[in-house]
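Chain naming here is simple, since letters A, B, ... match the order of the sequence lines and numbering starts at 1 in each.
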Number of protein chains: 2
Amino acid sequence: MGADLKISARKRAEKIWAAYAKAQALRSTNQRTLICDIFLESTGHYTVDDLLAKVRARDPKVGYATVYRTLKHLVDANIARESNFGDTVTRYEFALDDQHHDHIICLDCHAILEFENEEIEILQDRIAEGLHFRLEDHRLELFGRCELAKTKKGCPRAKDKPGMPS
Amino acid sequence: MGADLKISARKRAEKIWAAYAKAQALRSTNQRTLICDIFLESTGHYTVDDLLAKVRARDPKVGYATVYRTLKHLVDANIARESNFGDTVTRYEFALDDQHHDHIICLDCHAILEFENEEIEILQDRIAEGLHFRLEDHRLELFGRCELAKTKKGCPRAKDKPGMPS
DNA sequence: GTAGTTGCAAAGTTTTTGCACTCTT
DNA sequence: AAGAGTGCAAAAACTTTGCAACTAC
């Protein structure tokens with residue numbers, strides 16, 4: 001994904017956010033602006049803790065609840081996407097609707113890679129149609145071991161994080 | 001899925017369970033036997049609460065912890081599969097490894113249908129290979145509105161259950 | 001008898017909510 | 001000034017764990 005695409009995605013996200021904020025009559029507070037900025041700058045999959053840490057680096061007084069509440073708005077505005085890759089924590093990523101991608105997660109090092117596959121999406125549409133569903137969303141997660149994890153030394157990134165599915 | 005297949009799946013599950021129990025030196029207690037029986041008889045996607053209710057109908061003294069602990073064993077033995085379809089509760093279903101299927105969930109009535117698609121599995125393998133992953137597991141969930149939900153009356157099964165993804 | 005199992009209650013996690021105070025509009 | 005937004009702490013929802021009593025082997 002090139003830098004150009006990322007920049008324009010962010011610009012679009014900002015427009016969507018502005019429209020959403022206006023429609024919902026949201027007020028522009030420092031905390032909210034800060035959280036949105038940090039979120040839109042981010043490229044990975046972050047827990048609320050992760051994001052709060054980044055936020056507090058710039059404003060130590062921000063509370064958990066505000067991050068949760070702001071993320072809820074971002075999800076609602078279709079700018080953020082929630083996922084929990086087999087474990088108990090919810091992770092948030094910046095993802096506009098039309099940029100849909102899926103994930104492959106390394107069970108050893110917990111790296112999360114993204115991929116897109118048009119063919120699978122087409123098959124999904126066909127399946128939904130066959131079952132008389134109007135498809136609105138989907139979630140595809142692949143779990144495996146990445147190349148580094150396969151070596152005898154194991155993946156150097158491997159840490160004991162909370163449970164991924166067996 | 002015919003009754004024959006289900007019966008043989010159950011028989012296979014019982015064999016796997018017996019082998020697992022032996023390997024782990026698990027003891028055969030009334031509670032554990034009861035929970036396993038109820039779980040193996042079940043065909044849907046149940047929360048711990050659901051299962052505990054069924055268990056307590058036959059033995060009211062069984063505690064949460066025992067159900068959690070037994071399900072953990074069943075997951076470990078690859079007889080049960082955990083999923084959480086966008087909400088916060090973990091659901092368990094009886095699923096042997098080689099019977100893998102995916103789910104389509106109605107956002108209105110929360111019905112959960114199962115499907116299998118060989119083509120998608122092949123594409124997944126190809127994607128994982130391309131990214132140098134050894135694939136171990138996957139999770140595909142489609143979210144949409146079922147046929148009944150599309151009528152102007154809405155789906156009659158619709159209830160306000162906790163949040164599904166937007 | 002030994003050691004795995006159970007049920008209870010307490011503790012842990014993650015997320016939501018009530019409330020007094022603050023800040024935007 | 002009105003009321004949306006914030007931070008804190010308490011509550012909620014779900015799951016795990018410590019422990020004394022129990023039970024399979």
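- Inter-residue side-chain proximity for A:Glu41 and A:Phe94 is flagged as unmet; no heavy-atom pair is nearer than 4.5 Å.
- Rounded to whole angstrom, the span from the CD1 atom of A:Ile35 across to the C1' atom of D:dG7 amounts to 12 Å.
- Put simply, CG on A:Leu52 is 17 Å from P on C:dT13, counting in whole angstrom units.
- Annotation: side chain of A:Leu140 is in contact with side chain of B:Gln124 (closest heavy-atom distance under 4.5 Å).
- Between B:Asp50 and B:Thr47, the side chains place a donor N or O and an acceptor N or O closer than 3.5 Å (distance only, hydrogens not considered).
- Between the CG atom of A:Leu51 and the C1' atom of C:dT15 there is a distance of 15 Å, given to the nearest Å.
- The interatomic distance linking B:Asp87 (CG) with C:dT16 (P) rounds to 12 Å, in whole Å.
- No side-chain heavy atom of B:Thr88 sits less than 4.5 Å from a side-chain heavy atom of B:Asn84.
- The shortest side-chain heavy-atom distance between A:Leu131 and B:Leu142 does not fall under the 4.5 Å cut-off.
- When distances run from any side-chain atom of A:Gln31 to the nucleotides C:dT5, D:dT6, C:dG7, the shortest one goes to D:dT6.
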**Study point:** Contact pattern, 5' to 3', of nucleotides 15-25 of chain D - B, S or - by protein heavy atom under 4.0 Å
**Key:** BBBB-----BS
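- Atom CZ in A:Arg32 sits roughly 12 Å away from atom P in C:dT24 (whole-Å rounding).
- Inter-residue side-chain proximity for B:Asn78 and B:Ile16 is flagged as unmet; no heavy-atom pair is nearer than 4.5 Å.
- At whole-Å resolution of the value, CG in B:Asn84 and C1' in D:dA13 are 14 Å apart.
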